There are 2 protein chains.
Amino acid sequence: MTTSKKTPSPEQTPLEEAYPTTVTGLVLEERLGYALRRAQLKVFKHFDEAMREHDIRPAQFSSLVVIEGYPGVTQSNLAQTLSIDPPRVVSLINSLEERGLALRVRCKRDRRSHGIFLTKTGEALVERLKGLAEQSDLDATQLLSEIERRQLLTLLRKVYASEEGND
Amino acid sequence: MTTSKKTPSPEQTPLEEAYPTTVTGLVLEERLGYALRRAQLKVFKHFDEAMREHDIRPAQFSSLVVIEGYPGVTQSNLAQTLSIDPPRVVSLINSLEERGLALRVRCKRDRRSHGIFLTKTGEALVERLKGLAEQSDLDATQLLSEIERRQLLTLLRKVYASEEGND
DNA sequence: AAAAAATAGTTACCTATTATAACTATATCT
DNA sequence: AGATATAGTTATAATAGGTAACTATTTTTT
């Protein structure tokens, strides 16, 4: 507080002996956010690989699955459910519609909103994709026992369950 | 296979009764990648909030912590350790250097590489940030007991431990 | 020792993701 | 009817992240 302005610690040893090329995270490994990000990176990489053949992105997959479970779901429903904002839903559904996987049906009762439905092609594809996704999860978590995998899932859900600050 | 070309399922009920504004993910909730993403979103949101005052991004925090643990670490070390690519490290260290938190010291033995060190300001800040990050993790996982939090961390590490495909 | 190959860091560029603001059309409220 | 709210859309911008090509150095090969 009293001495220097930028305090550049000039007496540092300029790297006499080098560290091994990969060092461990130390304190970092204790950080939940870091662990989550790393784990997600890995799981998503496997997912991408599994979906590459069908050129499906994670958000597209999620949308397809929700639409399958709730035929006629509206775009605002989707936005809420997936915690993404409306403009994102637009381009998402556009991409699905262009590929003939889903379609918008203007709602009779409230002509502002669109119900979204899967086409037959979409239905067939999502069935296939769910299998691939399942397998991709298993691949990505080889080191986990079935019990651990379930534990992990339960804990993760518990983390994001309370979306208090999800404004 | 025999009838239509795009199969737009025209006989669908155009959303007679609407779904509640937020529907549950169903199958989606069973997907590890989805749960990971949602949990990460929440944890990162808390982190952002905690760091806002200091205007520190997750990657900057991670870098600071690693540099603190390994003074004189090189940029390639960092890239390896954090699984990010070299150009990203450049801008990361630039931002830290511009703010007087870290500095590059050209290595005497191999003048191609830079050892990275924290300034006194950087050291002071990272100490403060670690406390904030710790608290932010706790806030983000209120619903978890201390045991569950440790379990979660262990499981996550186990997931990303084997970075076979991290080419 | 000179030439070739490899390495650390940098720069320039390009793409995908995600957020923000403003607009339209319908619907609801008073 | 007029004001207000809502569903969806468009346009736009900020950002993360990733690739390719370049410079400076070091190491390897001959």
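Residue numbers begin at 1 in each chain, while the letters A, B, ... track the order of the sequences. This one's a predicted model, so the numbers in the text were calculated from it and none came from an experiment.
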> If each of B:Val89 and A:Pro87 is mapped to the nucleotide of DNA chain C with the nearest heavy atom, which maps nearer the 5' terminus, i.e. the 5' end?
Replying inline: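 Final value for this comparison: B:Val89.
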>> Can you work out whether B:Ile93 or A:Asp85 has the more 5'-proximal nearest nucleotide on DNA chain C?
In response: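 Residue closer to the 5' terminus by nearest nucleotide: B:Ile93.
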> Is there a side-chain polar atom (N or O) of B:Arg104 under 4.0 Å from OP1 or OP2 of C:dT10?
Replying inline: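 For C:dT10, OP1/OP2 do have a side-chain N/O of B:Arg104 under 4.0 Å.
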> Is B:Ser76 near enough to C:dG9 that one of its side-chain N or O atoms lies under 4.0 angstrom from OP1 or OP2?
Replying inline: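 Answer is yes, contact under 4.0 Å.
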> Looking only at side chains, do A:Glu49 and A:Ser136 share a donor and an acceptor under 3.5 Å apart?
Replying inline: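 Side-chain D/A pair, A:Glu49 to A:Ser136: absent.
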> If you measure only the distance, is there a donor-acceptor pair under 3.5 Å linking the side chains of A:Asp139 and A:Gln135?
Replying inline: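 Yes - a donor-acceptor pair under 3.5 Å links their side chains.
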Which whole-number value in Å describes the distance from [X] [atom1] to [N] [atom2]?
X: B:Gln75; N: D:dA24; atom1: CD; atom2: P; answer: 17 Å
X: B:Arg57; N: C:dT18; atom1: CZ; atom2: P; answer: 14 Å
X: A:Gln80; N: D:dG8; atom1: CD; atom2: P; answer: 11 Å
X: B:Leu92; N: D:dT15; atom1: CG; atom2: C1'; answer: 14 Å
X: A:Phe44; N: C:dA16; atom1: CZ; atom2: P; answer: 17 Å
X: B:Asp48; N: C:dA19; atom1: CG; atom2: P; answer: 11 Å
X: A:Asn94; N: C:dA16; atom1: CG; atom2: C1'; answer: 16 Å
X: A:Ile84; N: D:dG8; atom1: CD1; atom2: C1'; answer: 14 Å

> On DNA chain D, nearest-nucleotide positions of A:Arg37 versus A:Val90: which is more 5'?
Replying inline: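 The residue whose closest nucleotide sits nearer the 5' end is A:Val90.
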>> Contact between B:Arg104 and B:Phe117 at the side-chain level, heavy atoms closer than 4.5 Å - yes or no?
In response: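 Result no, sub-4.5 Å side-chain heavy-atom pair not found.
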>> Under a 3.5 Å distance rule, please check whether B:Lys42 uses its side chain to pair with a backbone N or O of A:Val159 as donor and acceptor.
In response: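 It does hold such a pair.
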> What distance do B:Leu156 atom CG and B:Gln151 atom CD have between them, rounded to the nearest 0.5 Å?
Replying inline: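 Separation between the atoms: 11.5 Å.
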> In Å, rounded to the nearest 0.5 Å, how long is the span from OG1 of A:Thr81 to CG of B:Leu28?
Replying inline: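 Here the interatomic distance stands at 9.5 Å.
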Please list, pair by pair, any protein nitrogen or oxygen found under 3.5 Å from a nitrogen or oxygen in nucleotides 26-30 of chain C.
{"unit_1": "C:dA27", "atom_1": "OP1", "unit_2": "A:Arg111", "atom_2": "N", "d": "2.9"}

> Which nucleotide in the list D:dG17, D:dG8, C:dT17 gets nearest to the side chain of A:His114?
Replying inline: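 So the nucleotide nearest the side chain must be D:dG8.
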>> I need the single residue from A:Ile67, A:Val65, A:Leu101 that forms a side-chain contact (heavy atoms from CB on, under 4.5 Å) with A:Val126. Which is it?
In response: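 Checked A:Ile67, A:Val65, A:Leu101 against A:Val126; only one passes side-chain contact (heavy atoms from CB on, under 4.5 Å): A:Val65.
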